[in-house]
Amino acid sequence: MTTSMLLFFQMILRVILTVILLCIATCHSLEKGDGFQVFRVLPTTNQQLLQMIRLFETADTDRADFWHAPSVVNGTVDIMVAPEHTGQFQKYLEKHGYTYQIAIQDLRTLLIEKEGNISTHSTDDAFFMKRLHDDVGFHSRLRMGEYYSYSVLSTWLQRIAENMPDIAKLIKVGTTIEGREILGLKFGKDTPDKKVVVIDAGIHAREWAAIHTASYFINLVIFDQSSLLENKINFQIVNSREGDPQIQNYLDNIVLYIIPVLNPDGYEYTRTDKTNPRARMWRKSRSPKACAFDGVRNSCCMGVDLNRNFDFRFSEIGASRYPCSEIYHGPSAFSEPESKAYSQFLASLKGRLEAYITLHSYSQLWIYSYSHRKFTYAPDIDETRRVAAKAVQELGRMYGTKYRHGTGPEIIYAFSGGSTDWAKETLKIKYSYTIELRPGYEEWNGFVLDKNQLIPTAKETWAGVTVVLDEVTNQWKSSKNRESELSRIRQEKCSDRLSGCAYWLQSSPNICRISQSTMIRDCAKTCDLCHMIAV
Ligand code: 0X9
Ligand code: ZN
């Protein structure tokens, strides 16, 4: 072999090696989730809006993930685009004359910046478990302002129920597709006549602030304000909630359920690689792959948007039949074990369920039914709206956070198949609300809340929620008062009109039952029918 041939081969080898190294580096950084961008697009014509809506309903989440659904001309739409597609997407926008900007240059960097210093307790679960059961007894208060794995949250709920049986009971709503138990707590002594309030969070996996807020509510219900201020770890103090009359009032008068993570499979998936947008920004459940032909190719993807899988106008609007879409509604209503189990749980409370609140993020909205069409309401809309307005006002009083309230299509966008609409229509719940927490709609990084905003978000939301709890509590109390007043009046009015009552009853022991209406009129006292007298 000549020297020049040798040099030539060496050069070729070097080129091949460089290409391989470059490819490894790129693949590795793609795998880590580098280069994800968030585009803010402004559809300025009706045609552009329709095109965006079509894209929203058909887009493959892996390529373009809509953080907001397009709904009106001149309303911004935020779309997270995967690194392999940013160039192509930009060309598409330019070709169709869209006004746009790149709102986040590299989402992974932002995730590291915003959430990198928030403890997410992935490696120290063991430490945490120990802390839950430390030397001085059960320490059930969860430190807030941090995120926890589902296994820590589940253990926490279990320990609360075991150690504080007078206050809380563990409930199992159902089992997820990956076999996790959907757990929650039931607060307050249950009696069949008490009204029920249900609060949930985490139906959408990436909405961590909602899960944090529901966990904060649990902490609040278990501990009174003074013990929250205490730094002491003392069994008596930590596990008592004496002294908070407001919460005591709720527990005495209503039954409150809190289910902090409705979609634990999805939530755990978002935690698998917390700075990789591909994982952290996952929204759906983790149901097995389903496929559909989208006109160009057959695409197969995992997961169902559980908030499109409820049996309320299933698949009609703002939902997709493509499994790779962010808003894939699933093969049929309640096809998913999570939504099916949850609907059965809610249905089991029918007649007693006065309020149902589901926590989402983000946009700072207090939403009520119905979501599928503008100006479409349940008959009790005035009351629903009155309480929502009051809640938003109360929430804002704490830190000045501005919330809007209204039905979905009037203030954000239309969709069907959601939990609150199903609950409102099927279970006739008086107060059925979706709350979209901080930050506001216009924020660029809505799912990635600053650490210092987590506790204030939860606190102000609680202030809003107490308006609903107060309504339910007060209405129940006044109906109780009315009832006891009526029974007092009935007792007072109760007498026998005729003198032979005792004799008739003795000679015919069933007479009170057989001739009930006559006996109410003539022998109410003797027959013990005072409670049946109309007042
Ligand atoms: O789209 C949803 O399922 C919810 N929004 S989220 O950004 N958290 O995904 C609820 C939307 C609220 N209701 C209506 N838009 N009608
Ligand atoms: Zn959501």
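Every number for a ligand or one of its atoms is a count from 1 in the order of the listing.
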- Item | For Arg283, atoms of ligand 1 separated by under 4.0 Å from a heavy atom | 1 (O), 2 (C), 3 (O), 6 (S), 9 (O)

- Identify whether NZ of Lys or CZ of Arg in Arg308 sits under 6.0 Å from the centre of the six-membered ring of Phe415 and within 45° of that ring's axis. yes

- Note on the structure: atom 11 (C) of ligand 1: of His360, Glu436, His372, the nearest heavy atom sits on Glu436

- Numbering as shown, the atoms of ligand 1 that approach Glu207 to under 4.0 Å (heavy-atom distance): 6 (S), 8 (N), 9 (O)

- Do the side-chain N and O atoms of Asn263 and Thr176 include a donor-acceptor pair separated by under 3.5 angstrom? no

- Query: Of all the heavy atoms in Ser363, does at least one lie under 4.0 Å from an atom in ligand 1?
  - Reply: no

- Query: How close does the nearest protein non-hydrogen atom get to atom 15 (N) of ligand 1, and which residue and atom is it?
  - Reply: Tyr413 O, 2.8 Å

- Query: Can you list the steps and then say if Gln364 with Glu436 is a side chain to side chain donor-acceptor pair (under 3.5 Å)?
  - Reply: CA-CA 5 Å; Gln364 292 172 197; Glu436 297 279 0; over 6 Å; no

- Query: Is Trp67 in polar range of ligand 1, meaning some N or O pair under 3.5 Å apart?
  - Reply: no

- Item | Heavy-atom side-chain contact between Arg280 and Phe36 under 4.5 Å | no

- Message: Any nitrogen or oxygen of Asp305 lying under 3.5 Å from a nitrogen or oxygen in ligand 1? Just yes or no.
- Response: no

- May I ask you to check whether Arg308 has an N/O atom sitting below 3.5 Å from an N/O atom of ligand 1? yes

- Message: Which residue in the set Glu443, His212, Arg438 passes side chain to side chain contact (heavy atoms under 4.5 Å, CB included) when paired with Leu449?
- Response: Arg438

- Query: When you draw lines from the Zn ion (ligand 2) to ND1 of His360 and to OE2 of Glu207, what angle lies between them, to the nearest 10°?
  - Reply: 150°

- In terms of residue, atom name and distance, what is the protein heavy atom nearest to atom 12 (C) of ligand 1? Ile367 CD1, 3.3 Å

- Message: Check this for me, if you would: do Lys284 and Glu336 make a salt bridge, where the nitrogen-to-carboxylate-oxygen distance has to be below 4.0 angstrom?
- Response: no

- Query: Going by the order shown, which atoms of ligand 1 are within less than 4.0 Å of some heavy atom of His204?
  - Reply: 2 (C), 3 (O), 8 (N), 9 (O)

- Query: If you check every N/O/S atom of His204, which is the one nearest the Zn ion (ligand 2)?
  - Reply: ND1

- Salt bridge Lys390-Glu471, side-chain N to carboxylate O under 4.0 Å: yes

- Ala414 and ligand 1 - part of the residue with a heavy-atom distance under 4.0 Å: neither

- Taking only non-hydrogen atoms of Ile412 and a 4.0 Å limit, the atoms of ligand 1 in range are 15 (N)

- Which residue and non-hydrogen atom of the protein lie closest to atom 13 (N) of ligand 1, and at what distance in Å? Phe415 CE2, 3.3 Å

- Just wondering, are more than 12 heavy atoms of other shown residues or ligands nearer than 6.0 Å to CZ in Arg385? yes

- Message: Please check: side-chain N/O of Lys424 versus main-chain N/O of Lys430, any donor-acceptor pairing under 3.5 Å?
- Response: yes

- Before accepting this row, confirm whether a basic side-chain N of the pair Glu268/Arg286 lies closer than 4.0 Å to the acidic partner's carboxylate O. no

- Sub-4.0 Å atoms of ligand 1 with respect to non-hydrogen atoms of Asn307: 2 (C), 3 (O)

